[in-house]
Amino acid sequence: MIDTVKLIALGLIALIAALAANWGHDISYQVHALIIMAIAAVMFIVQLRRFGSAQPAVDSTGYMDDVIRAGVIATGFWGVVGFLAGVFIAFQLAFPALNFDWGQPFTNFGRLRPLHTSAVIFAFGGNALIMSSFYIVQRTCGARLWGGNLAWFVFWGYQLFIVLAATGYLLGGTQSKEYAEPEWYIDIWLTLVWVAFLAVYLGTIFKRQEKHIYVANWFLLSFIITVAMLHLVNNISIPVSIWGSKSVQVFSGVQDAMVQWWYGHNAVGFFLTAGFLGMMYYFVPKQAGRPVFSYKLSIIHFWALIFLYIWAGPHHLHYTALPDWASTLGMVFSVILWMPSWGGMINGLMTLQGAWDKLRTDPIIRMMVISLAFYGMSTFEGPMMSIRAVNSLSHYTDWTIGHVHSGALGWNGMITFAALYFLTPKLWGKKEMYSMSAINWHFWLATLGIVLYASSMWVTGIMEGLMWREVDAQGFLVNSFADTVSAKFPMYVVRGLGGVLFLAGAIVMVWNMYMTIRGGAPVRVATPSPSQQQAA
């Protein structure tokens with residue numbers, strides 16, 4: 001009966017997608033319909049070949065690690081794709097001739113820039129969070145992932161979202177909202193995937209054998225729930241037609257700006273901060289072989305962080321039509337946010353008490369330490385830049401770009417690399433990575449790349465802001481916009497070279513992962529029995 005229902009459902013999806021491809025009003029919608037039709041048709045054929053045959057029994061006594069292995073591979077793959085796109089658009093800004101004219105603007109900066117940001121944040125970072133969430137919640141709860149194959153739906157559904165979003169950007173299908181460019185039907189699909197993600201995570205916590213819920217799960221659960229809320233509110237839109245990608249936003253004017261930056265800043269706060277703090281609270285103590293420095297501090301800074309972060313978005317809208325009281329509120333909460341943010345950094349670094357000697361011999365620990373250092377630096381710089389007087393110089397300049405990338409590459413990138421190096425040998429039955437010296441090379445390539453990238457943007461951003469406000473004795477602006485663009489050229493080249501080094505480090509990592517996986521075999525880990533869990 002279930003097999004019949006699956007066949008009917010897949011057949012209907014393929015048929016509706018074929019009609020959508022035929023009746024679609026724009027190229028982005030048509031291509032997406034063809035992708036969905038092809039996927040549904042292939043799944044229909046696979047299901048038909050299995051029809052009526054007995055399926056092998058699933059061993060539910062062990063952790064569900066196959067989906068995590070797939071997530072580890074996907075994280076490495078999308079990381080290289082996202083970094084490569086970033087390097088290319090960095091050189092496009094330095095050398096505009098790289099905006100090739102193909103008759104269509106598929107590869108110009110305007111199309112590739114959202115591709116880069118989404119690939120790094122949502123493809124690379126999102127896969128890192130999903131696979132590490134699945135790993136952490138099983139180990140800290142002593143329970144197999146809830147929902148059977150629902151975890152596989154989350155993984156493959158998220159990959160489909162990435163493909164639809166990326167192809168939509170290249171083909172011009174976008175609602176033009178920062179960090180939220182995918183159109184209405186892609187947003188609906190992501191909502192379904194995210195609800196399934198929440199169900200798997202919560203279901204596993206509910207059936208846990210360990211009474212205590214470890215703090216990493218607090219951060220990861222807050223990330224899943226809050227991102228769902230942000231996504232639903234910010235993406236409320238009305239399709240112009242069910243057969244086209246174009247939609248109209250419900251919010252408009254200053255309300256749209258307010259909702260967008262409530263979403264945008266909290267995407268940073270919960271996707272790129274709370275989620276990765278959950279990773280940090282598991283992988284740093286495990287790699288160091290030390291308990292968390294202060295469990296009480298972890299709880300205090302968790303509640304302070306999630307309460308304060310949600311109010312900080314208006315600081316993106318200083319000197320706009322937004323009322324001053326609202327942007328001042330965002331500024332005040334941003335400045336206060338510095339304290340709980342540093343609570344996480346201090347707790348992570350102090351966890352290494354008694355294990356600092358490992359910095360000399362363990363490049364994975366070194367990556368974790370540098371990630372926490374960049375986290376601390378970025379969460380000091382961000383509140384400082386939210387202050388109205390500083391923001392008047394920094395906003396709309398490359399200083400903001402330097403700030404974002406020092407956090408994204410230094411904090412999110414480095415902690416993710418460390419997690420991949422931690423997980424890969426464990427999941428494929430190896431004592432350690434294929435080449436520890438290659439991890440060391442990756443560390444120095446990535447660190448030097450971040451330093452070149454961020455410092456060049458800090459220098460050119462401050463220069464840019466000062467040139468914009470320079471006036472002569474009569475009060476007229478001294479520099480045109482073109483003058484600032486010309487003056488920034490050397491730093492744009494340095495920025496591109498920094499990106500090349502960071503990309504090179506990621507390629508070294510992927511090679512190292514491939515060699516480790518090739519020489520290993522998937523490992524089955526049994527879930528502990530209740531008596532074992534009590535003894536532990």
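Small disclaimer: the values here were computed from a predicted structure and weren't measured.
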Inset, instruction - Check the pair V137, L220 against side-chain contact (heavy atoms from CB on, under 4.5 Å), reporting the backbone distance first and the verdict last. - result: CA-CA 9 Å; V137 75; L220 291 167; over 6 Å; no
Legend entry - Contact check, side chains of F276 and F219, non-hydrogen atoms, under 4.5 Å: no
Inset, instruction - Check whether any side-chain heavy atom of N127 lies under 4.5 Å from a side-chain heavy atom of Q159, and answer yes or no. - result: yes
Legend entry - Within 6.0 angstrom of F206 CZ, more than 12 heavy atoms from elsewhere: no
Legend entry - Y514 atom OH, neighbour heavy-atom count above 12 within 6.0 Å: no
Inset, instruction - Return the minimal non-hydrogen interatomic distance between G313 and H265, and the atom names on each side. - result: CA-CB, 3.7 Å
Legend entry - Taking every non-hydrogen atom, the tightest pair across V227 and F271: CG2-CD1, 4.0 Å
Inset, instruction - Hey, could you give me the CG/OG distance between L305 and S222, rounded to the nearest 0.5 Å? - result: 8.0 Å
Inset, instruction - Tell me whether the centres of the aromatic rings in F283 and Y421 are closer together than 6.0 Å. - result: no
Legend entry - Test item: E181 side-chain N/O and G168 main-chain N/O as donor-acceptor pair under 3.5 Å: no
Inset, instruction - For the pair H405 and H116, name the ring-plane relationship: parallel under 30°, tilted 30 to 60°, perpendicular over 60°. - result: parallel
Legend entry - Any side-chain heavy-atom pair of L202 and W146 under 4.5 Å: no
Legend entry - Centroid-centroid under 6.0 Å between W218 and Y201 rings: no
Legend entry - Reported OG1-to-CD1 distance for the pair T167 and I27, which is rounded to 0.5 angstrom: 10.5 Å
Inset, instruction - Take atom CZ of F161 as the centre, draw a 6.0 Å sphere, and report whether it contains more than 12 heavy atoms from other residues, nucleotides or ligands. - result: yes
Legend entry - Expected output: side-chain S486 to main-chain A482 donor-acceptor under 3.5 Å: no
Inset, instruction - Could you tell me whether the side chain of N235 and the main chain of H231 form a donor-acceptor pair under 3.5 Å? - result: yes
Inset, instruction - Please indicate whether M43 has more than 12 foreign heavy atoms, meaning atoms of other residues, nucleotides or ligands, lying under 6.0 Å from its CE. - result: no
Inset, instruction - Answer yes or no: is there a side-chain heavy-atom contact under 4.5 Å between K426 and V523? - result: no
Inset, instruction - Assess the side chains of Y63 and R144: does a donor N or O sit below 3.5 Å from an acceptor N or O? - result: no
Legend entry - Ring centers of F502, F83 separated by less than 6.0 Å: yes
Legend entry - Pair H318 and H395, ring centroids less than 6.0 Å apart: no
Inset, instruction - Anything under 30° is parallel, anything over 60° is perpendicular, the rest tilted; go ahead and classify Y375 against W411. - result: tilted
Legend entry - Centroid-centroid distance, F489 to F95, less than 6.0 Å: yes
Legend entry - Beyond-backbone contact of Y185 with H32, side-chain heavy atoms, under 4.5 angstrom: yes
Inset, instruction - Without swapping roles, check the side chain of N512 against the backbone of V508 for a donor-acceptor pair under 3.5 Å. - result: no
Inset, instruction - State, yes or no, whether a side-chain contact exists between Y169 and P182 at a heavy-atom distance under 4.5 Å. - result: yes
Inset, instruction - Assert yes or no for the condition that the ring centre distance of W194 to F197 is strictly below 6.0 Å. - result: yes
Inset, instruction - Please tell me if the side chains of F270 and I225 come closer than 4.5 Å, counting only heavy atoms from C-beta onward. - result: no
Inset, instruction - Please check if the side chain of Q249 supplies one atom and the backbone of S237 the other of a donor-acceptor pair under 3.5 Å. - result: no
Inset, instruction - Tell me, yes or no, whether the heavy-atom count around K6 atom NZ, taken from other residues, nucleotides or ligands under 6.0 Å, exceeds 12. - result: no
Inset, instruction - Output yes when a side-chain donor or acceptor of Q260 lies under 3.5 Å from a complementary backbone atom of E178, and no otherwise. - result: yes
Legend entry - Side chain to side chain, L115 and L112, heavy atoms closer than 4.5 Å: yes
Legend entry - Polar side-chain atom of Q92 near backbone of L98 as donor-acceptor pair, under 3.5 Å: yes
Legend entry - Ring centroid separation F134 to W152 under 6.0 Å: no
Legend entry - W78/F122 aromatic ring centres below 6.0 Å: no
Inset, instruction - Name the orientation class of the two ring planes belonging to F417 and F124 (parallel below 30°, tilted from 30 to 60°, perpendicular beyond 60°). - result: tilted
Legend entry - Rounded distance [0.5 Å steps], OG1 in T416 versus CG in L423: 10.5 Å
Legend entry - For the student: nearest non-hydrogen atoms of P314 and L322, plus distance: CB-CD2, 3.9 Å
Legend entry - Side chain D26, main chain G173, donor-acceptor under 3.5 Å: no
Inset, instruction - Kindly indicate, with the supporting measurements, whether the criterion side-chain contact (heavy atoms from CB on, under 4.5 Å) is fulfilled by T320 and V254. - result: CA-CA 9 Å; T320 67; V254 72; 5.6 Å; no
Legend entry - Enclosure of I242 CD1 (heavy-atom neighbours >12, cutoff 6.0 Å): no
Inset, instruction - Run through Y158, W156, F153 and flag the one making a ring pair (Phe, Tyr, Trp, His ring centres under 6.0 Å) with W189. - result: F153
Inset, instruction - Under the salt bridge (Lys or Arg N to Asp or Glu O under 4.0 Å) rule, what do D398 and K488 come out as? Steps first, then yes or no, please. - result: CA-CA 9 Å; D398 288 328; K488 292 189 296 182; 3.3 Å; yes
Inset, instruction - Start with the C-alpha distance between M433 and M515, add both sets of side-chain angles, then the distance that settles side-chain contact (heavy atoms from CB on, under 4.5 Å), and finish with yes or no. - result: CA-CA 8 Å; M433 292 295 294; M515 297 301 291; over 6 Å; no
Legend entry - Side-chain donor/acceptor of T460 to backbone N/O of M457, under 3.5 Å: no
Inset, instruction - Kindly say whether G269 contributes a backbone atom to a donor-acceptor pair with the side chain of N266 at under 3.5 angstrom? - result: no
Inset, instruction - Can you see which heavy atom on P114 is nearest to which on G110, and at what distance? - result: CD-O, 3.2 Å
Inset, instruction - Just do the side-chain contact (heavy atoms from CB on, under 4.5 Å) check on M64 and V200 with the steps written out, would you? - result: CA-CA 12 Å; M64 190 175 178; V200 172; over 6 Å; no
Legend entry - Least distance between heavy atoms, G496 atom then A90 atom: CA-CB, 4.1 Å
Inset, instruction - Decide whether E183 and S247 meet the rule of one side-chain donor and one side-chain acceptor closer than 3.5 Å. - result: yes
Inset, instruction - Heavy atoms only: give me the nearest T204-A143 pair and the separation to one decimal. - result: CG2-O, 4.0 Å
